[in-house]
Amino acid sequence: MSTFPVAITGLGSYLPEQVVTNEDFAQRLDTSDEWIRTRTGIRERHYAAPDEATSDLATAAGRSALKDAGLTADDVDVIIVATTTPDHPVPATAPIVAARLGRTCTAFDLNAACSGFVYGLQVGAGMAAGGSTVLLIGAETLTRYVDPDDRSIAVLFGDGAGAVVLQRDDAATIGPFDLGSDGSELEILWMRAGGSREPFDPIAHAEASSRMSMRGGDVYRHAVTRMTSSSQIVLEAAGITIDDIDLMVGHQANLRILEAVGQRLGLPEDRCHVTVDRHGNTSAASIPLALDDARQQGLLDPGARLLLTAFGGGLTWGSCVLTWSGTVGGGQA
Ligand code: UT7
């Protein structure tokens with residue numbers, strides 16, 4: 001199982017300005033703040049402005065992570081954007097971000113849905129271990145892909161981006177990782193039309209097939225099972241127990257999912273970081289956004305041992321253990 005002599009040396013995030021509260025939904029849909037809060041833990045989420053696309057959010061988060069690391073864009077060798085909501089079907093969003101940063105370096109997207117950041121961390125850490133300075137960004141504008149009038153899905157998602165800089169550091173460790181997928185149940189969380197199986201057409205675009213659809217209960221059950229078992233795999237591979245984990249930073253889809261995973265793992269509640277209440281589900285952006293939030297709350301001391309775990313469409317899942325590096329934020333020191 002993979003571990004890498006790599007440190008996160010910079011961390012940054014970007015949340016669009018507009019905040020949409022549960023009450024905003026309750027005013028136009030058959031829903032309530034009480035239903036949304038008790039079923040999901042979400043109170044509010046951010047929405048990208050009409051002129052903001054995923055690359056705009058990604059570039060802002062990327063710049064902030066580079067500044068945090070004390071680096072400039074010229075220091076970056078590789079840009080990875082983990083996203084399911086690219087600016088365009090073709091090309092990838094990462095080259096757009098690279099151009100905005102003034103770079104022509106290696107740049108590619110990675111799509112593992114809500115597990116994208118953890119997948120990107122293993123890919124990026126592998127490249128950083130080989131000597132590259134990697135900017136890994138999780139960025140999403142999922143609110144563009146949900147039917148705003150479908151109460152069962154519109155209330156769940158938000159927009160945002162988070163980024164980390166990965167650099168080789170022989171005193172640091174990222175990993176072990178566990179990444180997995182099961183494509184036999186893709187329809188429980190998907191957008192059916194718009195790809196090669198069912199190409200985009202303007203008539204279909206007005207229909208439900210070109211919006212995100214989810215069988216929430218099924219996804220919920222799979223998420224709890226997979227995030228728990230995947231976490232157990234990496235803890236065992238690292239030769240540690242849940243008692244050695246200072247903070248679990250899980251994919252923020254639903255507070256009840258995080259609580260259920262924490263309970264199954266035997267993690268005390270105060271060691272599970274929660275941002276879903278303020279961010280909603282931001283898919284691949286949720287973990288780096290939560291990391292930045294945890295740091296702002298003073299929860300990431302150098303040497304802190306973190307468990308990251310995610311689950312999303314695909315189905316995909318992934319977990320890893322990492323020790324928070326003392327070198328993070330060198331640029332702001
Ligand atoms: O990021 C990738 C991973 N995604 C996830 O992990 C999401 C996983 N799933 C979930 O978080 C939850 O399943 C949901 C939050 C999506 C739904 O919660 P639930 O407790 O599973 O509710 P439900 O889907 O079983 O719906 C219960 C009822 C239904 O009404 P009936 O059929 O019982 O009359 C829904 O129509 O709640 C209704 N409902 C709502 N009511 C008020 C669904 N959405 C809403 C709403 N407001 N916004």
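Just so it is clear, the model here is predicted, and its values are computed rather than measured. In each ligand, atom 1 is the first atom listed, and ligand 1 is the first ligand listed.
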Check your understanding: In terms of residue, atom name and distance, what is the protein heavy atom nearest to atom 5 (C) of ligand 1?
Key -> V219 CG1, 3.5 Å
Practice item. Would you name the heavy atoms of L258 and M227 that are closest together and state the gap between them? Key: CD2-CE, 4.4 Å
Review point. Between the candidates F311, F25, W35, Y220, which shows the shortest non-hydrogen contact distance to atom 43 (C) of ligand 1?
Key: W35
Exercise for review: List the closest protein heavy-atom neighbour of atom 9 (N) of ligand 1: residue, atom name, distance to the nearest 0.1 Å.
Suggested key: G216 O, 3.1 Å
Check your understanding: What residue and heavy atom of the protein are closest to atom 6 (O) of ligand 1, and at what distance?
Key -> I257 CD1, 3.2 Å
Study note, to complete from the structure: Nearest non-hydrogen protein atom to atom 15 (C) of ligand 1, with distance, is T40 CG2, 3.5 Å
**Study point:** Shortest protein contact, atom 2 (C) of ligand 1 (heavy atom only)
**Key:** C114 SG, 3.3 Å
Point to revise | ligand 1 versus N281: contacting region, heavy-atom distance under 4.0 Å | key: side chain
Practice item. Could you say whether the N/O atoms of R151 and ligand 1 ever approach to under 3.5 Å? Key: yes
Review point. Relative to ligand 1, is L29 under 4.0 angstrom through side chain, backbone, both or neither, heavy atoms considered?
Key: neither
Practice item. Please determine which of D24, T143, N22, T21 meets the side chain to side chain donor-acceptor pair (under 3.5 Å) test together with R45. Key: N22
Point to revise | Intermediate values then yes/no, side chain to side chain contact (heavy atoms under 4.5 Å, CB included), R28 and D149 | key: CA-CA 8 Å; R28 58 177 194 83; D149 297 324; 3.2 Å; yes
Point to revise | Separation between CZ of R226 and OG1 of T316, rounded to the nearest 0.5 Å | key: 10.5 Å
Point to revise | Verdict with supporting geometry, H279 and E44, side-chain hydrogen bond (donor to acceptor under 3.5 Å, both in side chains) | key: CA-CA 6 Å; H279 299 169; E44 58 189 36; over 6 Å; no
Practice item. Over all heavy atoms of both residues, which pair between T9 and Q167 is shortest? Give the atoms and the distance, please. Key: OG1-OE1, 2.8 Å
Study note, to complete from the structure: ligand 1 atoms nearer than 4.0 angstrom to some heavy atom of L189 are 2 (C)
Revision key, fill the gap. the protein heavy atom lying closest to atom 47 (N) of ligand 1 turns out to be T31 OG1, 2.6 Å
Review point. For S32 and ligand 1, does the shortest N/O to N/O distance drop below 3.5 Å?
Key: no
Practice item. Tell me which protein heavy atom sits closest to atom 24 (O) of ligand 1, plus the residue, atom name and distance to 0.1 Å. Key: G217 N, 4.9 Å
Check your understanding: So between H222, M227, R39, whose heavy atom ends up nearest atom 20 (O) of ligand 1?
Key -> R39
**Study point:** From CA spacing to verdict: side chain to side chain contact (heavy atoms under 4.5 Å, CB included), V164, F117
**Key:** CA-CA 10 Å; V164 293; F117 183 78; 3.9 Å; yes
Exercise for review: Considering heavy atoms of the protein only, find what lies nearest to atom 12 (C) of ligand 1 and give residue, atom and distance to 0.1 Å.
Suggested key: N254 ND2, 3.9 Å
Check your understanding: Is there a path of hydrophobic side-chain contacts, each under 4.5 Å between heavy atoms of I, L, V, M, F, W or Y residues, that connects L121 with M248?
Key -> no
